[in-house]
Amino acid sequence: MKKIVLLLLALGAASLSMAAGDSFVNEKAHNNIRSTDSLRRGAKTYMNYCMGCHSMDYQRYNRVAKDLGLTEDEMMASLVLTDAKYTDKMEIVMTPEQSKTWFGIAVPDLTVIAKARGVDWLFSYLVNFYQDEKQANGWNNLTLPNASMPHVLWEMQGIQKAHFETETDAEGNEHTVFKNFEQVTEGSMSQEEYRNTVRDLVNFLDYSSEPAKLIRMAYAPWVLLFVSLFTFLAYMLKVNYFRDVH
Ligand code: HEC
């Protein structure tokens, strides 16, 4: 038994250190899935800036409308920007073949990306784009180095450059470490506004990866209330029964 526990711990530690080594996650999302306003804003940014390339094949427009408290008309007017129907899946027109030709990679579907990557990873990814002349599309990303996705929100965030330093470790090996970002062009938003926009977007991706979470979160306070009431009653009953036990 002890060996199994130790093995599990070792596996856990190994996967954690691999995850940490692979990607640079330096900011937390702090998103709130219970905020419908935030989810609506996030959905809007998604439809406007991401749906051009990323499908959400396991999500339907009418489901999103229902969960976000929108009527069919509101949904069609503000969030369905293609000629898709209300009951359609959130698919894109680009085929995987076209995607491979244009980006060298099949652009991933984002329905469950928040489950795969985690919200903090997504947040960091969307704030960590920087200008890099060495890349074919002019952009690079600290969280997903050499990503083939351009910085599609650059007009909001502005353009930043990354500064790196070379450090030598105890064994004499040289490592390139990230030092800081330098803002070279201002965006249409302040850094705080941009982070709030990204937070809403990540919130929408978080919801989309598990729509049932909304229902769970809504029930949670009632379940807790029931459990506390029941505990109280059980306790009173115990006090009553044990009154005569000496
Ligand atoms: C012009 C097309 C395009 C647009 C628009 C676009 N992306 Fe991407 N995205 C890509 C490509 C290509 C990749 C694959 C990057 C790679 O792995 O090199 C990618 C990768 C990603 C990934 C990483 C997936 C993973 O786990 O590897 C996330 C997350 C993502 N995009 C989110 C977004 C969001 C959010 C938006 C909207 C703000 C967006 N993308 C808009 C093309 C696009």
Side-chain angles (χ1 to χ4, degrees), residues 15 18-31 33 38-59 61 64 68 78-82 84 90-132 134-160 162 187-189 191 193-210:
S15 57
M18 261 168 67
D22 276 340
S23 305
F24 187 82
V25 175
N26 56 342
E27 291 201 40
K28 291 216 175 296
H30 293 301
N31 59 309
I33 203 164
S38 162
L39 290 176
R40 285 183 190 170
R41 287 192 299 265
K44 186 146 203 156
T45 310
Y46 189 83
M47 307 298 183
N48 277 294
Y49 292 94
C50 317
M51 271 281 291
C53 297
H54 292 280
S55 58
M56 269 207 177
D57 286 348
Y58 309 99
Q59 182 69 279
Y61 291 106
V64 173
L68 271 53
S78 65
L79 292 179
V80 183
L81 308 172
T82 58
M90 290 172 53
E91 289 169 330
I92 51 166
V93 246
M94 182 168 65
T95 64
E97 291 72 37
Q98 287 170 327
S99 168
K100 283 222 176 80
T101 319
W102 294 332
F103 301 105
I105 190 171
V107 180
D109 182 277
L110 294 188
T111 323
V112 292
I113 194 74
K115 277 246 182 299
R117 292 292 202 179
V119 286
D120 297 338
W121 189 95
L122 290 174
F123 189 91
S124 296
Y125 176 61
L126 293 167
V127 297
N128 280 339
F129 278 97
Y130 63 90
Q131 194 177 44
D132 183 353
K134 289 194 230 71
Q135 295 292 317
N137 65 14
W139 297 102
N140 207 330
N141 192 291
L142 270 192
T143 304
L144 188 65
N146 305 325
S148 47
M149 171 172 149
H151 185 11
V152 294
L153 302 176
W154 75 270
E155 277 169 318
M156 296 178 186
Q157 188 185 21
I159 301 173
Q160 54 187 4
S188 62
M189 293 181 173
Q191 287 304 314
E193 283 167 339
Y194 179 68
R195 277 169 171 70
N196 286 335
T197 303
V198 169
R199 187 167 296 114
D200 293 336
L201 179 55
V202 171
N203 205 20
F204 177 67
L205 294 173
D206 193 14
Y207 144 75
S208 164
S209 72
E210 197 194 339

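We count ligands from 1, going down the list as the structure has it; atoms in each ligand are counted the same way.
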Any donor-acceptor pair under 3.5 Å from Arg40 side chain to Leu68 backbone: yes
Side-chain donor or acceptor of Ser208 paired with backbone N/O of Thr111 under 3.5 Å: yes
Check: Tyr130 main-chain N/O paired with His151 side-chain donor or acceptor under 3.5 Å: no
Need the list: ligand 1 N/O atoms against protein N/O atoms, distance under 3.5 Å, rounded to one decimal.
unit_1, atom_1, unit_2, atom_2, d
ligand 1, 7 (N), His54, NE2, 2.8
ligand 1, 9 (N), His54, NE2, 2.8
ligand 1, 18 (O), Ser148, N, 2.8
ligand 1, 18 (O), Ser148, OG, 2.9
ligand 1, 26 (O), Arg117, NE, 2.7
ligand 1, 26 (O), Arg117, NH2, 3.2
ligand 1, 27 (O), Arg117, NH2, 3.1
ligand 1, 31 (N), His54, NE2, 2.8
ligand 1, 40 (N), His54, NE2, 2.8

Phe204 and Tyr207 aromatic ring geometry - parallel, tilted or perpendicular at 30°/60° bounds: tilted
Check: Glu193 main-chain N/O paired with Thr197 side-chain donor or acceptor under 3.5 Å: yes
Asn128-Asn141 side chain donor-acceptor pair, cut-off 3.5 Å: no
